[in-house]
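Owing to the predicted nature of the structure, the values given are computational and were not obtained by experimental measurement.
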Amino acid sequence: MNILIWHVHGAYTEAFVQGAHRYLLPTLPEGGPWGGGRAGRDWPANAVERTPDQLADDDVDVVVLQRPDELELARSWLGRTPGRDVPAVYLEHNTPGGPAATTRHPVADRDDLLLVHVTAFNDLMWDSGTTATTVVEHGVPDPGHRWTGELPAAVAVINEPLRRGRVTGTDLLPLLAGPAGIDVFGMGTSGLGTALGTPSVRGMGDQPQQRMHAELARRRVYVHTARWTSLGLSLIEAMMLGMPVAVLATTEAARAVPPDAGVLATDPDLLRRGIAELAADPTAATAAGTTARAAARARFGLDRFLRDWDAVLERAVAGPDVPVPAPAAAGGGGS
């Protein structure tokens with residue numbers, strides 16, 4: 001198929017374009033949120049950049065929307081209305097931004113497209129009305145078992161931790177840092193320790209994925225502090241690296257992380273003690289990391305992810321009379 005999809009989330013798009021289709025990535029001279037193209041990523045040749053003029057001449061089989069404004073952009077650039085003149089699905093990456101369980105989704109009550117969530121929790125919490133939904137859980141390329149834990153520090157990956165604050169659990173970092181501290185990678189982490197008033201929290205900046213994986217694997221324990229976000233790809237990647245994890249048991253993390261992968265709790269004090277115990281016991285940390293890796297590979301493998309997406313795309317092209325697919329990892333169908 002020829003699939004129109006915007007480059008919105010780099011790590012997610014990287015997994016998505018590993019499939020067998022031709023992926024059309026809009027590009028504009030100024031780049032920006034609507035025209036980033038490949039953004040210099042080392043992606044397969046079947047992920048191609050296309051200008052709006054080129055898209056108007058392309059035989060697009062299906063549009064994968066990720067933001068409300070893309071509905072009008074796709075209509076303008078293709079000369080066709082998504083859902084009516086060209087098949088469309090809407091991929092929702094996030095938990096509801098408003099009150100839990102009562103926030104209406106932007107594409108609620110539509111019979112012309114399929115709404116795809118990345119976790120069962122998100123599907124549960126968004127009010128999608130009568131719009132058909134399904135779940136395709138994340139897929140992550142396996143980076144290999146690389147954990148050494150040679151550095152005593154804990155580590156986290158949080159983009160824009162100061163702006164997002166309590167949503168990403170940034171306020172919990174000083175408590176969880178412990179005597180060896182916690183290194184925080186991601187966008188907007190410069191000056192994080194100063195802003196939080198503690199040198200034990202160290203902002204490490206935004207690193208290319210391969211380099212970041214190598215740095216994560218050198219730290220003792222991966223820490224996931226998000227209160228209200230979708231299941232983070234960085235957590236899954238850390239588990240695949242063979243890292244023991246300390247995870248705030250909220251949203252989908254409570255279901256996706258096995259207890260034997262480290263420590264899973266809603267009490268930050270339990271997380272703090274668990275991090276200290278894993279750091280002090282290499283044998284336990286190694287066993288937890290092995291469990292984490294096995295669980296992540298079994299549930300979030302790239303092959304499963306691409307198979308699930310193929311089923312969704314085939315349903316979208318076949319039309320709304322075809323039943324909503326039930327991807328293998330989701331454990332159930334749509335609504």
task: Check the surroundings of atom CG in Asp111: do more than 12 heavy atoms from other residues, nucleotides or ligands lie under 6.0 Å from it?
output: no
Contacts of Thr27 that satisfy side-chain hydrogen bond (donor to acceptor under 3.5 Å, both in side chains) - sequence neighbours left out: none
Audit row: Arg273, Asp267, salt bridge (charged side-chain N to carboxylate O under 4.0 Å, His left out) steps and yes/no: CA-CA 10 Å; Arg273 293 200 293 270; Asp267 183 345; 5.5 Å; no
- prompt: Partners of Ala276 by side chain to side chain contact (heavy atoms under 4.5 Å, CB included), sequence neighbours excluded?
  reply: none
- prompt: Can you tell me if Asp58 uses its side chain to pair, donor with acceptor, with the backbone of Val60 under 3.5 Å?
  reply: no
message: Which residues pass the side chain to side chain contact (heavy atoms under 4.5 Å, CB included) test with Ala294, not counting sequence neighbours?
response: none
Let me check something: any side-chain donor-acceptor pairs from residues 72-79 under 3.5 Å, sequence neighbours excluded? List them with distances.
from	atom 1	to	atom 2	distance (Å)
Glu72	OE1	Arg75	NE	3.1
Glu72	OE2	Arg75	NE	3.2
Glu72	OE2	Arg75	NH2	2.6

query: So Asp69 and Arg67, salt bridge (charged side-chain N to carboxylate O under 4.0 Å, His left out) or not? Walk me through it.
result: CA-CA 6 Å; Asp69 290 349; Arg67 297 164 293 184; over 6 Å; no
- prompt: Measuring from Met204:CE to Phe185:CZ, what's the distance to the nearest 0.5 Å?
  reply: 4.5 Å
message: If I compare all heavy atoms of Leu55 with all of Pro26, which pair ends up nearest, and what's the gap?
response: CD1-CG, 4.2 Å
task: Quick one: list whatever passes ring-ring contact (aromatic ring centres under 6.0 Å, His included) with Trp43, sequence neighbours left out.
output: His7
message: For Ser230, run the side-chain hydrogen bond (donor to acceptor under 3.5 Å, both in side chains) check against Thr95, Thr119, Asn122 and tell me which one passes.
response: Asn122
task: Determine, for Asp269 against Arg272, whether the closest basic-nitrogen to carboxylate-oxygen distance falls under 4.0 angstrom.
output: yes
message: Over 60° means perpendicular and under 30° means parallel, so tell me whether Phe16 and Tyr12 are parallel, tilted or perpendicular.
response: parallel
field: Partner residues of Gln66 under the side-chain hydrogen bond (donor to acceptor under 3.5 Å, both in side chains) criterion, sequence neighbours left out
entry: His93
Under 3.5 Å side-chain donor-acceptor pair for Asp61 and His21: no
task: Using ring-ring contact (aromatic ring centres under 6.0 Å, His included) as the criterion, list what pairs up with His145, not counting sequence neighbours.
output: none
message: My understanding is that only residues two or more places apart in sequence, or in another chain, count here; which of them pass ring-ring contact (aromatic ring centres under 6.0 Å, His included) with Tyr222?
response: none
Counterpart residues, salt bridge (Lys or Arg N to Asp or Glu O under 4.0 Å), relative to Arg227 (two or more places apart): Asp171
query: Can Arg304 and Asp308 be counted as an ion pair, charged N to O under 4.0 angstrom?
result: yes
message: Suppose we screen for salt bridge (Lys or Arg N to Asp or Glu O under 4.0 Å). Which residues come up paired with Arg219, at least two apart in sequence or across chains?
response: Asp183, Glu215
Residues which pass salt bridge (Lys or Arg N to Asp or Glu O under 4.0 Å) with Glu150, listed by chain and number, not counting sequence neighbours: Arg218
All salt bridge (Lys or Arg N to Asp or Glu O under 4.0 Å) counterparts of Asp109, not counting sequence neighbours: Arg104
